[in-house]
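Here is the naming used below: chain letters follow the sequence lines, and residue numbers restart at 1 for every chain.
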Protein chains: 2
Amino acid sequence: MNARSGQRLARLQEALSRGGTLPLTEAAKLCNVSEMTIRRDVAASDGSVKFLGGHLIMAEDPLYRPVYNLDEEQGSHALVKQCLCQRAAALIEDGDTLFIDCGTTLMPLIEALDRDMTLTVVTYALNVGNAVSRLPNVRLLLLGGLYYSSSMSFGGDEMDAAIRRLGINKAFISAAGLHAGRGASCFHFHEVAPKQAAIASAMQRILVIDDSKLDVIRPAFFASLDSFDIIITNGEAGLALQESHQGVAAGPQILLA
Amino acid sequence: MNARSGQRLARLQEALSRGGTLPLTEAAKLCNVSEMTIRRDVAASDGSVKFLGGHLIMAEDPLYRPVYNLDEEQGSHALVKQCLCQRAAALIEDGDTLFIDCGTTLMPLIEALDRDMTLTVVTYALNVGNAVSRLPNVRLLLLGGLYYSSSMSFGGDEMDAAIRRLGINKAFISAAGLHAGRGASCFHFHEVAPKQAAIASAMQRILVIDDSKLDVIRPAFFASLDSFDIIITNGEAGLALQESHQGVAAGPQILLA
DNA sequence: CAAATAATGTTATATATTTCACAAAATATA
DNA sequence: TATATTTTGTGAAATATATAACATTATTTG
């Protein structure tokens, strides 16, 4: 990078500082040089500006960008989770206050929310918070605390009490395992308190869990099967669960997506 | 434009709502459809999203941009803010517990953090939380509550007490205005409590503010000039402030970046 | 001022993206 | 259930963009 190149880059950055894009042809005119020279300038720069389709744009710092994860875990079961969440979203009514649990299972639920409904979402998950923060008609209550990157969620002593103070209509709970006898379990112990608090204080408790997690046990148990009003699942194992609960008055309603 | 197309577009707009670009391949995966379908959706849309070099971007039309976009503010003084934050980062020591205020001013501070230091960061800002959540050596304490999209931060009754319980070494505070007589002010009233709590409980209070905000008054005052130990600023107005505090024993130390 | 070096411009080539036309699938309608 | 309609997927052709090699123009330096 030479002396003039730096000056040109500064000029281009200024032009881009308001956002938007600058066509390469415009950039070349602006600096009174050829398009090739602009290309070379950008290539030699620190990466603050870059090319995209013949236009210059400000490079977005990945550090600033919220985690919008379509991670590996989600990838394989993405379709299933989407189906489960569509079923779950149908339960939501205008004005509801929802609790949305951490993990990737319930992310499609946020996408499936009716944009015209006025809702309040309570969560202790950063990924959920990020997604919900973009929805204009949804009030977001993020329960903070110490961040656990393994589950992209927060934990802390006051969380339990904070959740119990809230009037939650519907609690959408996720789990890493569900066993007919032992109940629902998760990987991380800090999730237990908020999950239990949500189950305890919500009017309606809905477990959303795909069939790969049925008949599975994970280190931290947090609720019995009967703690839930509705369990939304799928597959063979889901059908088996549904049939075993046929006619049982007290237990949860099993919905297959 | 058909019914599903609208849903997909809404999802894509959400993914793009904070700026940045989304590769067509990612967009297709996100919606579980082919790239061609995404192309058709975008073509049939009202123009709020468009293509550029195989990536989706938000159209620069201000009509479609978020009502109150902090990104714009960030761009304009990005270079200045980076300098200020570099100066600020030099004050940080291994093992420190830092309070980082909301807004865009202190975002470059996160970038400037020494990756080898073990730190704890306390914040009530979602954008700060997102950025810090990616740093492996930094413990993140995000103070949650009701989300205010205008400042990308949280507010709530318990925040004040929560902050006062913490042992904060250094509080990095931002402001929308600083006036020699009236002190520091910000736009949003919900920021007052956490800012004041941080100032009250921190060992060292550092105000980071660019010169465009000097001699400016904003609706919510939160601290007098003397509340700060260090003020990091720049420019002519910064120099004037520094000279007026020359030899004053009690007041804050003014650093120019 | 001429040789050497650096910077820029031009052209051709390689690569990627966009468009188009049609086939396949899904959905709606009779 | 069969038929029409809509929606989506695929691959080839057209277009645009990115890269690389070399020619040209400035700039420096002895």
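Taking 4.0 angstrom as the limit, A:Arg8 places a side-chain polar atom (N or O) nearer than this to OP1 or OP2 of C:dT8. For the pair B:Thr37 and D:dT8, the criterion of a side-chain N or O lying under 4.0 Å from OP1 or OP2 is not met.
Following rounding to the nearest Å, B:Lys50 (NZ) and C:dT19 (C1') show an atom-to-atom distance of 18 Å. Nucleotide D:dT8 holds its C1' atom 10 Å from the CG atom of B:Asp41, rounded to whole Å. Summarising the geometry, the separation between CG on A:Leu24 and C1' on D:dT17 is reported as 9 Å, rounded to the nearest angstrom. One interatomic measurement links the two molecules: CD1 of A:Ile38 to P of C:dT10, which rounds to 14 Å at whole-angstrom precision. What separates NE2 of A:His55 from C1' of D:dA18 is a distance of 14 Å, to the nearest Å. Across the protein-nucleic acid pair, A:Arg39 atom CZ and C:dT11 atom P stand 16 Å apart, rounded to whole Å. Rounded to whole Å, the distance from CZ on A:Phe51 to C1' on C:dT15 is 16 Å. Protein atom CG of B:Leu52 is 11 Å distant from nucleotide atom C1' of C:dT17, rounded to whole Å.
Residues A:Leu256 and A:Thr233 meet the side-chain proximity criterion, which asks for heavy atoms closer than 4.5 Å. For the pair B:Ser133 and A:Leu126, the minimum side-chain heavy-atom distance is below 4.5 Å. In this structure, A:Val208 and A:Leu109 have side chains that are not in contact, with every pair of non-hydrogen atoms separated by 4.5 Å or more. In this structure the side chain of A:Glu93 never reaches within 4.5 angstrom of the side chain of A:Asn169, judged on heavy atoms. Side-chain contact check for A:Ile110 versus A:Val121: every heavy-atom pair is 4.5 Å or farther apart.
Nearest heavy atom pair, residue A:Thr105 against residue A:Cys85, reads O-SG, 3.2 Å.
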Atom pairs, N/O to N/O, protein against nucleotides 21-26 of chain C, distance under 3.5 Å?
none

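Rounded to 10 degrees, the angle separating the terminal helix axes of the helix from C:dC1-D:dG30 to C:dA30-D:dT1, each built from five base pairs, is 30°.
Side-chain contact, A:Ser212 with A:Asp210: a donor N or O sits under 3.5 Å from an acceptor N or O.
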**Request:** May I have the step-by-step check of side chain to side chain contact (heavy atoms under 4.5 Å, CB included) for B:Val128 and B:Leu142, ending in yes or no?
**Result:** CA-CA 9 Å; B:Val128 172; B:Leu142 179 61; over 6 Å; no
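A:Phe228 pairs by the ring pair (Phe, Tyr, Trp, His ring centres under 6.0 Å) definition with nothing, not counting sequence neighbours.
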